[in-house]
Amino acid sequence: KGMIAEAPSSKPLQRWMYGSKGLQNKNMYEWSELQPYKKGDPATWDHQYIFEYCVCCTDNPNKTGDHTWIRLKTPEGDIYSVGLYRPSKRDWRDNYKFPLRLKKGYLMQPDVSEFWPTDIFKIPVAITKEHFLQMKKMLETDKRNDKLVFQLFHRNCTLYVAKIAAIAHIKLPTAKLAWHFLTPSLVEKKIEKIALYLPEIVVKIVRVVVGVFLNFFLLALGATIVDAAVFEKNNQQEPHIKNLSDFFDYRKTELNHPNILGKEIAAGIAKWRTSEIARLEKLKISGAFKENEEVDAEIKRVRFALPAAYYTL
């Protein structure tokens, strides 16, 4: 395993200059207890506990800048915000110094993306009070233990949000093989269309060959390296590619990019909710239900629900 040392100045500092109580000179990385950063109108989320995926991204995936974080909302109107970051995220040099090495990860509260002048793509999902408390406890435990790591392919911000979402049995399909991001969309669609007519064994062979090529590219970008700070504090942590057999595992090139969640999944869920509500409204008008309260309750549920396939047992 290769290791490189981090400079002492790598400890992140991000000032929170404005919050619910006005100007605040606080470091958003320094906290022990999750606290609401602002109040909202709970009527807009039907006075429920809400887990909300939040994403800032562009139409095309970026190598840096796109981000996924968490909002938790309560029936009383409290809004919490937290997200996983890597050290030196704001330092452009970090994007070129073995960017795929395993680094220390840091939880920020509130997430700085809340204050950026960019669009935020949101997927609010109703959860139980028990799930909310478990999520809050896990976030605080992870912060207190200080053992989080960051790696673009298998420990990034989107995957950390997925880890917390799993507490409520939520699993969104955000993984795509890296070649999808490296290929122009028009070419990508043609490749996918051709693949439909090829024998399955041929598709598997091509997938492995492309995976080997990309894994060697990941090697050049530091995918076999663990930062000294991570190794010293968490010596059980392993790099993304740890042995020779990993080079032949095409799944190592799967990327859970914020763009997939913000542009594709969010749009798909919004479309599903709109369609389901329209269907229920038609049932209500047709008089198929004697008690319209049943339909109203289902419409209310769908507003903050997901397709059944996105829930796990």
Side-chain angles (χ1 to χ4, degrees), residues 12-57 66-86 89 105-116 118-148 150 156-172 174 258 261-262 265-266 269 303-306:
L13 174 66
Q14 178 68 54
R15 293 294 183 188
W16 181 17
M17 298 307 295
Y18 189 80
S20 59
K21 298 180 181 179
L23 290 175
Q24 302 174 75
N25 189 19
K26 294 181 179 180
N27 183 0
M28 291 187 281
Y29 286 111
E30 293 295 332
W31 57 274
S32 57
E33 181 182 0
L34 204 62
Q35 298 283 351
Y37 86 103
K38 70 176 183 179
K39 280 278 190 179
D41 180 5
T44 61
W45 57 86
D46 293 335
H47 298 275
Q48 303 177 90
Y49 285 97
I50 296 291
F51 173 89
E52 190 166 77
Y53 292 87
C54 294
V55 182
C56 59
C57 64
D66 294 344
H67 182 55
T68 308
W69 72 100
I70 298 163
R71 280 184 193 159
L72 294 175
K73 299 179 178 180
T74 71
E76 294 75 36
D78 292 329
I79 301 177
Y80 302 76
S81 171
V82 62
L84 177 70
Y85 276 80
R86 65 181 185 262
K89 184 174 176 62
Y106 300 89
L107 289 179
M108 180 188 289
Q109 175 199 198
D111 195 290
V112 70
S113 301
E114 299 282 3
F115 311 107
W116 287 350
T118 57
D119 292 332
I120 298 177
F121 300 91
K122 301 178 284 289
I123 306 175
V125 185
I127 58 176
T128 65
K129 181 179 181 180
E130 290 71 24
H131 288 149
F132 165 78
L133 293 174
Q134 290 171 25
M135 290 175 175
K136 185 174 182 292
K137 181 179 180 181
M138 179 171 283
L139 289 165
E140 292 172 346
T141 299
D142 283 346
K143 182 66 176 69
R144 183 171 61 252
N145 290 342
D146 192 27
K147 291 185 178 181
L148 291 174
F150 185 98
N156 68 3
C157 57
T158 302
L159 286 172
Y160 185 77
V161 173
K163 168 189 167 180
I164 303 302
I167 292 174
H169 310 290
I170 300 168
K171 182 176 176 59
L172 300 188
T174 59
L261 188 60
I265 304 298
I269 290 173
R303 286 183 62 222
F304 298 97
L306 299 172

For Val125 and Phe304: C-alpha separation, side-chain torsions, deciding distance, then whether side chain to side chain contact (heavy atoms under 4.5 Å, CB included) applies.
CA-CA 5 Å; Val125 185; Phe304 298 97; 5.9 Å; no

Walk me through it: do Arg71 and Ile120 pass the test side chain to side chain contact (heavy atoms under 4.5 Å, CB included)?
CA-CA 12 Å; Arg71 280 184 193 159; Ile120 298 177; 3.6 Å; yes

Given side chain to side chain contact (heavy atoms under 4.5 Å, CB included), test Tyr80 with Thr74 step by step and report yes or no.
CA-CA 9 Å; Tyr80 302 76; Thr74 71; 3.9 Å; yes

Please report the C-alpha distance between Ile269 and Leu172 in whole Å, then the side-chain angles of each, then the deciding distance to 0.1 Å, and finally whether the side chain to side chain contact (heavy atoms under 4.5 Å, CB included) criterion is met.
CA-CA 10 Å; Ile269 290 173; Leu172 300 188; 4.3 Å; yes

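A distance of 5.5 Å separates OH of Tyr37 from OG of Ser81, quoted to the nearest 0.5 Å. Atoms CG and OG1, on Leu261 and Thr174 in that order, are 6.5 Å from each other to the nearest 0.5 Å. The distance from atom CG of Leu107 to atom CH2 of Trp69, rounded to the nearest 0.5 Å, is 15.0 Å. To the nearest 0.5 Å, the span separating CE on Met108 from NE2 on His67 amounts to 7.0 Å. Taking CD1 from Ile127 and CE from Met135, the interatomic distance works out to 4.5 Å, rounded to the nearest 0.5 Å. Rounded to the nearest 0.5 angstrom, Met138 CE and Asn145 CG are separated by 10.5 Å.
A donor-acceptor contact shorter than 3.5 Å is absent between the side chain of Trp31 and the backbone of Lys143.
Under 4.0 Å is where a charged nitrogen must lie from a carboxylate oxygen, and between Lys73 and Asp78 no such pair does.
Nearest heavy-atom pair across Gly77 and Trp45 is CA-CZ2, 3.6 Å. The two residues Gln109 and Gln35 make their nearest non-hydrogen contact at OE1-N, 2.5 Å. Residues Asp41 and Thr44 approach most closely at O-OG1, 2.6 Å, considering heavy atoms. Nearest heavy atom pair, residue Leu84 against residue Cys157, reads O-CB, 3.6 Å. When all heavy atoms of Glu76 and Pro42 are compared, the closest pair comes out as C-CG, 4.1 Å. Listed here is the closest heavy atom pair of Pro258 and Cys57: O-SG, 4.3 Å.
Counting heavy atoms from C-beta on, the side chains of Phe115 and Pro110 come closer than 4.5 Å. A 4.5 Å side-chain heavy-atom check between Cys56 and Trp116 finds at least one atom pair inside the cut-off. The side-chain heavy atoms of Leu34 and Leu72, taken from C-beta on, include a pair separated by under 4.5 Å. Put simply, the side chain of Tyr49 does not reach to within 4.5 Å of the side chain of His131, judged on heavy atoms. Considering only heavy atoms from C-beta on, Ile123 stays 4.5 Å or farther from Val55 through its side chain.
A side-chain donor-acceptor contact under 3.5 Å links Tyr85 and Asp111.
With a 6.0 Å radius and a threshold of 12 heavy atoms from other residues, nucleotides or ligands, Asp119 has its CG atom at or below the threshold. More than 12 heavy atoms of other shown residues, nucleotides or ligands fall within 6.0 angstrom of atom NZ in Lys163.
The only member of Val82, Leu139, Thr68 that meets side-chain contact (heavy atoms from CB on, under 4.5 Å) when paired with Tyr160 is Leu139. Residue Tyr53 is tested with Thr158, Ile164, Ile170, Ile265 for a side-chain contact (heavy atoms from CB on, under 4.5 Å); the sole match is Ile170.
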